[in-house]
Amino acid sequence: MSIVNLSEVQEMAQKTAREFTNNEIKPVASINDREHRFPEDIIHKLGELGFMGITVPEQYGGSGLDYLSYMLALEEICKGCASTGAIMSVNNSLVCAPINTFGTEDQKSLFLKDLASGNKLGCFMLSEPEAGSDAASMKTTAILDGDNYILNGTKSWITNGAEADIAVVFASTDKSLKHKGVSAFIVEMRTPGVNIGKLEDKLGIRATSTAQIFFEDCKVPRDNILGSEGEGFKIALHTLDGGRIGIAAQAVGIAQAALEESVRYAKERKAFGKTISDFQGLQFMLADMTTRVDASRLLVWQAAVMKDRNVKYSKQSAMAKLFAAETAMWVTTKAIQIHGGYGYTTDYPVERFFRDAKITEIYEGTSEIQRIVIARETLKEIE
Ligand code: CAA
């Protein structure tokens with residue numbers, strides 16, 4: 001039961017994703033996590049289902065659906081596997097979206113069609129070893145030389161970095177201008193001078209790659225600039241506003257999955273002569289988990305609907321990410337507690353949910369960054 005009247009199309013996106021998750025993702029999620037295996041077949045099938053460019057217009061290879069449909073689908077996918085959801089959300093939110101919004105017609109036909117249809121995979125390169133939250137302090141440079149920009153520098157924490165075909169890369173075209181000198185580029189990963197470095201060995205979302213990428217005199221055609229010179233920082237923050245709703249939906253998916261596993265377990269497990277779901281102490285935990293998951297989901301839907309209505313939603317996106325990420329950590333901690341010792345082992349999926357939840361408090365802006373965004377808006381809004 002939902003308080004929002006979902007349209008037939010929105011319900012269909014949710015149902016299709018739910019069925020796909022149950023049939024194709026859940027059976028392999030645990031093994032892919034354990035073996036650090038990128039779910040190539042699943043990503044290919046997500047492309048066939050139209051889930052790799054959900055909001056991209058059909059003329060550019062996407063499904064032409066609204067943002068709420070995208071969030072509904074993403075939550076369902078993340079209930080099965082947060083790694084799969086991360087790969088999907090980077091492609092949708094951080095690569096297709098900025099090319100669709102800021103790209104030229106040529107860029108859309110050259111790159112967006114393949115990305116949105118799932119023929120190619122994208123990644124987003126903003127962070128650097130010494131520029132994470134303070135993204136404007138990036139050191140990577142892009143110097144114009146005839147018809148090409150020459151890129152040099154190192155990018156870090158790049159989700160999909162090892163598998164991507166196309167990257168949206170941020171680099172400084174004029175260091176003296178600080179954030180106003182940052183520009184965005186579409187870079188084909190097979191371009192000479194793009195080198196994949198260390199792959200991180202992570203706590204969670206272990207079926208994704210997280211790579212360091214080196215640019216060494218990498219020649220990028222001048223036509224591949226996204227937007228205009230100096231517009232890159234705004235493109236990055238605009239893109240992250242949308243991306244953060246996606247990470248919130250991912251966190252809701254993880255938390256909902258942990259809640260469902262906890263209820264099932266509590267109804268089966270017996271202690272002191274009854275099933276543990278009969279104990280009020282446990283019921284109170286389930287009540288709090290349910291309430292927090294629902295509140296998170298409503299924040300996701302609020303931000304998505306505002307984005308669909310083209311009203312400013314930076315604060316709502318940050319609130320959704322902040323609250324949903326902290327909920328995912330809290331709910332997955334409780335889920336392990338309900339499972340007792342079993343929850344601490346790989347025999348049950350809740351330990352994976354717990355490990356996967358943590359990243360939602362970190363990537364696409366830490367919880368501290370979300371608090372900065374929210375506080376700034378609140379201080380502006382209230383006299
Ligand atoms: N949309 C568009 N433009 C925006 C904006 C938004 N939401 N927010 C701010 N801007 C503009 C401002 O108007 C300003 O422009 P002008 O100078 O022309 O007026 C400019 O951007 C700078 O704004 P601020 O002064 O507010 O910038 P700041 O340095 O104080 O930083 C910040 C703001 C919120 C801290 C920002 O730097 C930020 O969000 N940092 C976190 C970065 C981040 O999320 N990184 C995640 C990397 S992606 C990832 O995780 C990789 C992956 O693979 C998943």
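Both counts, for ligands and for their atoms, begin at 1 and track the order of listing.
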So does Lys26 have more than 12 non-hydrogen atoms from other groups sitting under 6.0 Å from NZ? yes
Once you round to the nearest 0.5 Å, how far does CD of Glu24 lie from OG1 of Thr84? 11.0 Å
Return the minimal non-hydrogen interatomic distance between Cys78 and Gln250, and the atom names on each side. SG-CG, 3.4 Å
Under-4.0 Å salt bridge between Lys321 and Glu364: no
Give the residues near ligand 1 by chain and number, with the criterion being a heavy-atom distance under 4.0 Å. Phe124, Ser127, Gly132, Ser133, Trp157, Thr159, His179, Lys180, Phe233, Lys234, Leu237, His238, Leu240, Asp241, Arg244, Ser314, Tyr363, Glu364, Gly365, Ile369, Val373, Arg376
Under a 3.5 Å threshold, yes or no: a donor from one side chain and an acceptor from the other, between Tyr344 and Gln337? no
Given a cutoff of under 4.5 Å between side-chain heavy atoms of I, L, V, M, F, W and Y, with clusters grown through shared members, what are the other residues clustered with Ile166? Val56, Tyr60, Val90, Leu94, Val95, Ile99, Phe102, Leu110, Phe111, Leu112, Leu115, Phe124, Leu126, Met138, Val168, Phe170, Val182, Ile186, Leu226, Phe233, Ile235, Leu237, Leu240
